[in-house]
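A short worksheet on the structure shown next.
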Amino acid sequence: MRQITLIFTQVKTSLKNRDIVVDLTRKFNLGAENIIARIAIAYSLKSGVKLDPVNVKDSGGKEYSKNVLFGSYYPLYLALMCTYYGISENDKDLSRYFKLHLDDGLERIAKDIKDNPNLVGFDYLFDRINEGLEELC
């Protein structure tokens, strides 16, 4: 029996997170909006929260093609997501997991910034990276 590979082509944020992507990109001065989206997915995964693919929010926000969102890093993000959930790259809910963690990560970062309005973008990012590295040691 031949295995069918499921491929998704795009991921959309929730309507609420459309503005958050723009605001965070501007705050952090990261250039393209896909950079904060990549960071948001990783930040959400780092939180340790498992999200239910049945609970997908609306998809009325910013749309990213898979290639724009991940660039050449798609295999890395795919491995992270599959390992995190113990699923195969052919799982029917894979695109939902990416969408859920994109929205969750954007909301987490926005809350961190709201709670600390004087926070400088790069300081925030370096602090989160440092925390992640310390957990590895």
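Heads up: numbering here begins at 1 and tracks the sequence.
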### Task
Could you tell me whether the side chain of Arg96 and the main chain of Pro53 form a donor-acceptor pair under 3.5 Å?
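Between the backbone of Pro53 and the side chain of Arg96 there is a qualifying donor-acceptor contact (under 3.5 Å).
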### Query
Is Asp58 reaching over with its side chain to a backbone N or O of Leu15, donor-acceptor style, under 3.5 angstrom?
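Here the side-chain-to-backbone pair exists.
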#### Entry: Charged N-O contact under 4.0 Å between Asp104 and Arg108
yes
### Query
Can a salt bridge be assigned to the pair Asp23 and Lys27 using a cut-off of 4.0 Å between side-chain N and carboxylate O?
no
### Task
Give a yes or no on whether the ring-centroid distance for Phe98 and Phe70 is below 6.0 angstrom.
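Close enough - the centres of the two rings lie under 6.0 Å apart.
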Are any non-hydrogen side-chain atoms of [X] and [Y] less than 4.5 angstrom apart?
{"X": "Glu107", "Y": "Lys16", "result": "yes"}
{"X": "Arg38", "Y": "Tyr73", "result": "yes"}
{"X": "Ile41", "Y": "Met81", "result": "yes"}
{"X": "Leu45", "Y": "Leu80", "result": "yes"}

Residue pair [X] / [Y]: nearest heavy atoms and the distance that separates them:
{"X": "Tyr64", "Y": "Leu69", "answer": "CB-CB, 3.7 Å"}
{"X": "Thr13", "Y": "Lys99", "answer": "C-NZ, 3.5 Å"}
{"X": "Ser44", "Y": "Gly105", "answer": "CB-N, 3.7 Å"}
{"X": "Thr25", "Y": "Gly31", "answer": "CG2-O, 3.1 Å"}
{"X": "Leu106", "Y": "Ile20", "answer": "O-CG2, 3.8 Å"}
{"X": "Val56", "Y": "Leu100", "answer": "CA-CD2, 3.9 Å"}

### Message
Hydrophobic clusters here meaning ILVMFWY residues chained together by side-chain heavy-atom distances under 4.5 Å, can you tell me if Val68 and Leu78 are in one?
### Response
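Yes, same cluster.
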### Message
Using the rule that Ile, Leu, Val, Met, Phe, Trp and Tyr join whenever any side-chain heavy atoms are under 4.5 Å apart, tell me whether Tyr43 and Val22 fall into a single cluster.
### Response
no
### Ile36 CD1 to Leu24 CG distance, which is reported to the nearest 0.5 Å
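Taking CD1 in Ile36 and CG in Leu24, the distance rounds to 5.0 Å.
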### Task
Sequence neighbours left out, what pairs pass side chain to side chain donor-acceptor pair (under 3.5 Å) with at least one residue falling in residues 28-37?
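Output for this query lists Glu33-Lys62.
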### Query
Among pairs that include at least one residue of residues 74-87, which meet side chain to side chain donor-acceptor pair (under 3.5 Å), considering only residues two or more places apart or in two chains?
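Every side chain to side chain donor-acceptor pair (under 3.5 Å) pair that includes a residue of residues 74-87, provided the two are not neighbours, is Tyr85-His101.
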### Message
Looking at Lys50, I'd like to know if its NZ atom is crowded, meaning that more than 12 non-hydrogen atoms belonging to other residues, nucleotides or ligands lie closer than 6.0 Å.
### Response
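More than 12 within 6.0 Å, yes.
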### Query
Could you go step by step and tell me if Ile39 and Phe28 meet the side-chain contact (heavy atoms from CB on, under 4.5 Å) rule?
CA-CA 11 Å; Ile39 292 168; Phe28 293 151; 5.9 Å; no
### Message
If you apply the rule side-chain hydrogen bond (donor to acceptor under 3.5 Å, both in side chains), what do you find for Ser14 with Asn17, and how did you get there?
### Response
CA-CA 5 Å; Ser14 67; Asn17 285 333; 3.2 Å; yes
### Query
What residues form a side-chain contact (heavy atoms from CB on, under 4.5 Å) with Lys111, not counting sequence neighbours?
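In terms of side-chain contact (heavy atoms from CB on, under 4.5 Å), with neighbours along the sequence ignored, Lys111 is linked to Asp115.
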